[in-house]
Amino acid sequence: MNILAELQNRFRASLAGIGDDPTELVAMVRPSQDPKFGDYQANFAMPLGKRLGRPPRDVAAEIVAKLSVDDFCDPPQVEGPGFINLRLKTSWLAAAVERALASDRLGIEPAAVPRTYVVDYSAPNVAKPMHVGHIRSTVIGDSLKRTLRFLGHRVIADNHIGDWGTQFGMIIYGYKHFLDRAAYQSKAVEELGRLYRLVNRLVGYHEGQETLPKLREQLSAQRAEVAKAAKTPPLGDKGADKNAAKALRRAESISKELASSLAALETSLAEVDRDPALSALARRHPEIARAVLAETAKLHQGDPENLRLWREFLPPCLADIERIYLRLGVTFDYTLGESFYHDRLESVVDDLLRSGIARVSDGAACVFLAGQTTPLIIRKQDGAFLYGTTDLATIEYRVQTWSPDAILYVVDHRQSLHFEQLFAAARAWGYKDLELQHISFGTVLGDDGRPFKTRSGDTVGLGGLLDEAVRRAHQVVSQGDDAKPGGAEISPERRQQIAEVVGIGALKYADLAQNRTSDYMFSYDRMLAMNGNTATYMQYAYARVLSIFSKGEVDAGALRASGAGVDLAHPVERALALSLLQFSEALDQAVAEYRPNFLTAYLFEVANRYSSFFEQCPVLKAPSEASRASRLLLCDLTARTLRQGLELLGIQVVDKM
RNA sequence: GCGCCCGUGGCGCAAUUGGAUAGCGCAUCGGUCUUCGGAACCGAGGGUUGCAGGUUCGAAUCCUGCCGGGCGUACCA
């Protein structure tokens, strides 16, 4: 059951006739922050008293008098300005633990009104290897999928891969001009990746050549402005001088920015110039940017040769990505990429134009939206469609196919403007009852606070990232095992398996534990720390619980069936029990805001309270047979809660580590 | 220029969306080992929540203005 929800129901009844909107008031019932205020508290008496023009404590007393909770709470206390503090009866808590133990869902009821969700996450570009930027979308989306599904909702996990864009034009162009056939035959994906990078680089080189003089011009103009501003003597007027100083600072910072991007461009151009082979290629392919677009356009128009190549490239690329998912334990129900929607795009544009939602401006079909300075463009001047077009077609398809109540897009925050526009356009198009959510998240940063890159400045491949996490986890596991008092007890093969679980778990947990909206500073050392809020600590706590059962030769199932009861005599037993019973609340919270870090915070609390309990309450050597059984039952529920919670994060446990 | 997001002990992050004395982990210092896994537990120090106003019983949270940072900004995705 959900204790908080039950309390809110009781308060709702006692508020009848007093407030005008009990829902709003009832939302002010919540777990207490400090145990001395009880287990839960209601905070609505103060605003309500204000509204009614009565002393809040009187209002609180009146509501308490009408409140019926004596079946599971001690008498409520009114304290301070009008807080209503509630403390659960310990005997009731014990009985609730027994009920949770008997349930294969740990006492968590499925949602009363199941909804249908489409969760759109991961979405890599098929033509490029997955990199560090894909972690967050993949891991957060997968966790949301698991959690919503556990709560009884219908969830469609759809990987909207990029399999139809300019990247394929690049690969096709590369294939036609630069292919190393032997390499392609032995390692197709690697060779395609090389071709992509090569073509991308050549395109960038020529574009850079074009922008270089412009950039230089801009920089010198900006520097002149700075010099002029710096020379202007103060006027003596305080306000004017302040503004002048501000303008100077701004000009300087723009100038600095221009200088650094110019330097970066010059470096990358010089790299090509210094490499004779590369610069020869660049000279031989001056029109490469246009040619790449032409290859893409031919593909989209159904050119047999390009279509054949696309069909040839796709399977090995997908297989490569699939290997990563397999390792991460991430699955999808559908993988409907951009190409899937290709033949629907034209009718989307026609429909929007016909209904007047879109109009042609500067030759492009645009949806102009209230309060937006830029339109959502759905067809370019040259007739090509954009990802906004595909996204609209995708919404249409998803609604037709699954009639979802909500679509969640787990995509980084830089695309927030795009989604704002997309959602507004979709609503204008008629999708008004559909919940459209951009589940945005911040950038993965390195130790230096800059976007996470390798030392040489390349993006970090996801495969290599996983290898490194597992390698480090292996060290941690081996050291721990070697240091055991009775000597090492885990075989080399098993160590490797455990390292995989610990390494991948650490990687996922570190990401999920953070509020997704902020940037995330990546650190192997932090995420594999043995204590603190990490997967490793949680997995360790789990393994410790299990070791009690094996040491005591206790079978958890038999114990549950034995009819033994739970008794919460010690304060830490009670605290642990309360936490265990709040699993349902943590899940509701995580889902309400699509934020897995509420779940990690909850699991960390459980693990901490278990550790305190473990320290202070001997289990196998408990003072009595009844106490031993009761404590074992608490251990059992702790282990199952940790395992279930971690599973909803997509993290596995091991029984020894 | 405009728009969105952010600023919390030395570092990395929380804070149930306006609730009681702002929490946690690293790091620092000090305790607890003949006891179920010490990869643990208990405790201490460390804060004017970027700055200045305002709103009210109450503000890290809401409003205004500054300061500092990130991202985005018509035909890439």
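- In this structure, A:Q381 and A:H413 both approach RNA chain B, and ranking their closest nucleotides by distance from the 5' end singles out A:H413.
- For A:Y542, the ring-ring contact (aromatic ring centres under 6.0 Å, His included) criterion is met by no residue, not counting sequence neighbours.
- When heavy atoms are screened at a 4.0 angstrom cut-off, A:C617 is found touching base atoms of the nucleic acid.
- The same atom, P, is picked in B:G45 and in B:G10; the two are 16 Å apart, to the nearest Å.
- Taking atom P in both B:G7 and B:U49, one finds a spacing of 14 Å when rounded to whole Å.
- For A:F83 and B:A20, the ring-to-base geometry satisfies the stacking test (centroid distance below 5.5 Å, interplanar angle below 30°).
- Residues meeting the ring-ring contact (aromatic ring centres under 6.0 Å, His included) test with A:Y341, sequence neighbours left out: A:H160, A:Y397.
- In this structure, A:F441 reaches neither bases nor backbone, as no heavy-atom distance under 4.0 Å exists between it and the strands shown.
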Item to complete: Treat a base pair as Watson-Crick or G-U wobble with both distances under 3.5 Å, then lay out RNA chain B in dot-bracket form, 5' to 3', with | for cross-strand pairs.
Response: (((((((..((((.....[...)))).(((((.......))))).....(((((..]....))))))))))))....

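- Base engagement by A:L620 is indicated by at least one non-hydrogen atom pair under 4.0 Å involving a base atom.
- Residues meeting the ring-ring contact (aromatic ring centres under 6.0 Å, His included) test with A:F441, sequence neighbours left out: none.
- The residue among A:N43 and A:G162 whose nearest nucleotide of RNA chain B lies closer to the 5′ end is A:N43.
- The base of B:A39 has none of its N or O atoms less than 3.5 Å from a complementary donor or acceptor on the side chain of A:Y540.
- When heavy atoms are screened at a 4.0 angstrom cut-off, A:D519 is found touching the sugar-phosphate backbone but no base atom.
- Looking at heavy-atom distances under 4.0 Å, A:L386 makes contact with sugar-phosphate atoms alone, never a base.
- A donor-acceptor contact under 3.5 angstrom links the side-chain atoms of A:Q33 to the base of B:U16.
- Nucleic acid contact for A:R57: none, since no nucleic acid atom lies under 4.0 Å from a heavy atom of the residue.
- Side chain A:N85 to base B:A20: a donor-acceptor pair is found below 3.5 Å.
- No close placement of the A:H300 and A:F385 rings is indicated, their centers lying 6.0 Å or farther apart.
- On a pure distance criterion of 3.5 Å, no polar donor-acceptor pair joins the side chain of A:S32 and the base of B:A20.
- In this view, A:D163 and A:S339 satisfy the side-chain hydrogen bond (donor to acceptor under 3.5 Å, both in side chains) rule, not counting sequence neighbours.
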Just distance, no hydrogens or angles: give the donor-acceptor pairs under 3.5 Å from side chains in residues 545-552 of chain A, sequence neighbours left out.
residue : atom : partner : partner atom : Å
A:S547  : OG   : A:R544  : O            : 3.1
A:S550  : OG   : A:S547  : O            : 3.2

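- In this structure, the nucleotide among B:G38, B:A14, B:C41 sitting nearest to the side chain of A:E615 is B:C41.
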